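Notes to accompany the following structure.
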Amino acid sequence: MREEWLILLHPNNFKLESKTVWSFPDRGSWATHSGKYRGNWSPYVPRNLILRYSNPGEWILDQFMGSGTTLVEAKLLRRNAVGIDINPQAVSISARNLQFQCQSNSKIFMRNGSATELHFIKDNHIDFICTHPPYANIIKYSKGIEGDVSLLGVDEFLAEMKKVAKESFRVLKKGKICAIMIGDIRKHGKVIPLGFRTMECFLQEGFVNKEIIIKEQHNCHSMDYWEKRSNSFLLLAHEYIFVFQRD
Ligand SMILES: C[S@@+](CC[C@H](N)C(=O)[O-])C[C@H]1O[C@@H](n2cnc3c(N)ncnc32)[C@H](O)[C@@H]1O
């Protein structure tokens, strides 16, 4: 028997989240998922969002694709998906992570490009947006790729997120859901509410809040570092999942 037939394709004992606080201490390693891509999200997050807010055969967009966690889940759950990333390396990594066999006839497209400009997607075409942008320049995803928002300070980052929100609104079908995960950051001991400031960008483009979910952060690389050094401020240990609806 070939090795790929032996991989576990779905989590054991999966239960859909029903409250507004989510926590996945075991981040999830079914299919090709692993924690290797810096700052990737636990596959439990897109799995919960996809199952709650889309149907098999519908089109999902992740315009900050990274290692393709959302696309892998879309394939496993029989949704179609479009993934975009500014870094061509992320496109290659995602393509590799999608190389597994399962009973699915999903159509999956990947493209190197910017989430701020989605001209190749028609208006009102996407059924569900499920995405996870960088948290400004907390983790830098390239050494100088033009358009990489992970190289930007807070104000420039938010100006780009306004463009992302505008394009998200344009490509999403009316009444459908756009879910994004983002966390706050700390500078010089003061918290910067990047989450709520990003949320405002989406509200200004016409989205409305459907849910605000708090996700507990586990195994964050910088956590140990700060734990040893900080006695004058609290460690940021949560992120937000903003679930918006396009009216
Ligand atoms: C937090 S990571 C996404 C991780 C992903 N959820 C996963 O599980 O692998 C953010 C991604 O956004 C990408 N990125 C940065 N600027 C971008 C832009 N303007 N358009 C599209 N992708 C961008 C980075 O290259 C990085 O892969």
Side-chain angles (χ1 to χ4, degrees), residues 22 24 27-50 60-76 81-98 108-121 126 128-154 156-168 171 178-185 194-195 198 201 215 217-222 239-242:
W22 295 4
F24 308 110
R27 70 183 318 280
S29 56
W30 63 92
T32 52
H33 296 306
S34 77
K36 281 188 201 147
Y37 192 81
R38 184 101 194 266
N40 66 354
W41 58 3
S42 156
Y44 282 110
V45 175
R47 173 162 289 242
N48 267 281
L49 294 168
I50 288 170
I60 296 176
L61 169 67
D62 183 349
Q63 61 272 62
F64 292 99
M65 168 174 67
S67 58
T69 311
T70 309
L71 272 59
V72 168
E73 284 304 296
K75 176 172 166 174
L76 291 170
V82 184
I84 295 152
D85 204 285
I86 200 80
N87 192 334
Q89 264 182 16
V91 180
S92 312
I93 293 167
S94 297
R96 204 166 53 238
N97 285 339
L98 282 155
I108 308 279
F109 296 108
M110 282 161 282
R111 190 177 166 122
N112 177 219
S114 179
T116 56
E117 213 285 293
L118 305 174
H119 67 273
F120 46 89
I121 305 179
I126 297 294
F128 176 45
I129 295 175
C130 184
T131 200
H132 179 208
Y135 302 174
N137 53 10
I138 282 297
I139 297 175
K140 294 186 174 61
Y141 284 94
S142 76
K143 289 212 171 92
I145 294 178
E146 198 183 330
D148 180 351
V149 298
S150 75
L151 305 177
L152 304 176
V154 171
E156 296 139 299
F157 172 81
L158 290 167
E160 294 306 296
M161 289 311 285
K162 279 207 81 171
K163 296 181 198 163
V164 173
K166 194 180 174 94
E167 280 294 76
S168 301
V171 300
C178 166
I180 70 161
M181 185 165 97
I182 188 153
D184 295 330
I185 61 180
L194 191 71
T198 303
C201 297
K215 187 198 145 277
Q217 245 179 335
H218 297 278
N219 307 323
C220 177
H221 285 269
S222 53
E239 294 146 299
Y240 301 98
I241 301 167
F242 294 109

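Keep in mind the model is a prediction, meaning the values are calculated, not measured. Ligands are counted one by one from 1 in listed order, and the atoms in each one are counted from 1 as well.
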Can you find a side-chain donor-acceptor pair between Asp184 and Tyr240 that sits under 3.5 Å?
yes
Can you tell which part of Tyr141 has a heavy atom less than 4.0 Å from ligand 1: side chain, backbone, both or neither?
side chain
for atom 25 (O) of ligand 1, nearest protein heavy atom and its distance come out as Asp85 OD1, 2.7 Å
Considering both backbone and side-chain atoms of Ser114, is one of its nitrogen or oxygen atoms within less than 3.5 Å of a nitrogen or oxygen in ligand 1?
yes
Can you find a heavy atom in the side chain of Leu61 that is under 4.5 Å from one in the side chain of Thr131?
no
Against heavy atoms of Tyr37, which atoms of ligand 1 measure under 4.0 Å?
9 (O), 26 (C), 27 (O)
Atoms of ligand 1 under 4.0 Å from any heavy atom of Met65, numbered from 1 in the order shown, are 5 (C), 7 (C), 9 (O)
Could you list the atoms of ligand 1 found under 4.0 angstrom from a heavy atom of Gly39?
1 (C)
Judged by modelled atom types alone, do Ser142 and Asn87 share a side-chain donor-acceptor pair under 3.5 Å?
no
Measure from NZ or CZ of Arg111 to the centre of the six-membered ring of Phe120, then state whether that distance is under 6.0 Å and the direction lies within 45° of the axis.
yes
Would you call the rings of Phe24 and Trp22 parallel, tilted or perpendicular, where under 30° means parallel and over 60° means perpendicular?
perpendicular
For Asn137 and Ser150, test the side chains for any donor-to-acceptor distance below 3.5 angstrom and give the result as yes or no.
no
When you measure from atom 15 (C) of ligand 1 to every protein heavy atom, which one gives the shortest distance, and what is it?
Asp148 OD1, 3.2 Å
Looking at ligand 1, is there an atom of it that comes within less than 4.0 Å of some heavy atom belonging to Thr116?
no
Identify the closest protein heavy atom to atom 12 (O) of ligand 1: which residue and atom is it, and at what distance?
Phe64 CD2, 3.4 Å
Should Ile86 be counted as touching ligand 1, given the test is an N or O pair under 3.5 Å?
yes
Hey, mind stepping through Gln63 and Ser168 against side chain to side chain donor-acceptor pair (under 3.5 Å) and telling me if it holds?
CA-CA 9 Å; Gln63 61 272 62; Ser168 301; 3.1 Å; yes
If we number the atoms of ligand 1 from 1 as shown, the ones under 4.0 Å from a heavy atom of Gln63 are 21 (C), 22 (N)
What do you reckon, does Arg38 put a non-hydrogen atom under 4.0 Å from ligand 1?
no
Decide yes or no for Tyr37 and Asn97: does some side-chain heavy atom of the first lie under 4.5 Å from some side-chain heavy atom of the second?
no
Counting only heavy atoms closer than 4.0 Å, does ligand 1 sit against the backbone of Glu160, its side chain, both, or neither?
neither
Short N or O distance, Gly147 and ligand 1, threshold 3.5 Å exclusive
yes
Enter the distance from His33:NE2 to Arg27:CZ here, rounded to the nearest 0.5 Å.
9.0 Å
Please list, in number order, the atoms of ligand 1 under 4.0 Å from a heavy atom of Thr69.
7 (C), 8 (O), 9 (O)
Hey, is ligand 1 close enough to Asp62 that some N/O pair sits below 3.5 Å?
no
Is there at least one pair of N or O atoms, one from Val149 and one from ligand 1, spaced under 3.5 Å apart?
yes
Step through it carefully: locate the ring centre of Tyr44, locate the ring centre of Trp30, and say whether they are under 6.0 Å apart.
yes
Considering only protein heavy atoms, which is closest to atom 6 (N) of ligand 1, and at what distance to one decimal place?
His132 ND1, 3.1 Å
List every atom of ligand 1 that sits less than 4.0 Å from any heavy atom of Gly113, numbering the atoms from 1 in the order shown and giving each element.
20 (N), 21 (C)
Using distance alone, decide if ligand 1 has a nitrogen or oxygen within less than 3.5 Å of any nitrogen or oxygen in Trp41.
yes
Indicate yes or no: at least one non-hydrogen side-chain atom of Met181 is less than 4.5 angstrom from one of Ile241.
yes
Consider only side-chain N and O atoms of Glu239 and Tyr135, and report whether a donor and an acceptor are under 3.5 Å apart.
yes
Need the ligand 1 atom indices (1-based, order shown) with element for anything under 4.0 Å from a heavy-atom of Ser67.
7 (C), 8 (O), 9 (O)
Do Cys178 and Ile180 have side chains that approach each other closer than 4.5 Å (heavy atoms only, starting at C-beta)?
yes
Nearest heavy-atom neighbours spanning Pro134 and Ile182
O-CD1, 3.9 Å
Among protein heavy atoms, which lies nearest atom 20 (N) of ligand 1, and at what distance?
Ala115 N, 2.9 Å
Where ligand 1 meets Pro134 - atom numbers and elements under 4.0 angstrom, heavy-atom basis
10 (C), 12 (O), 15 (C)
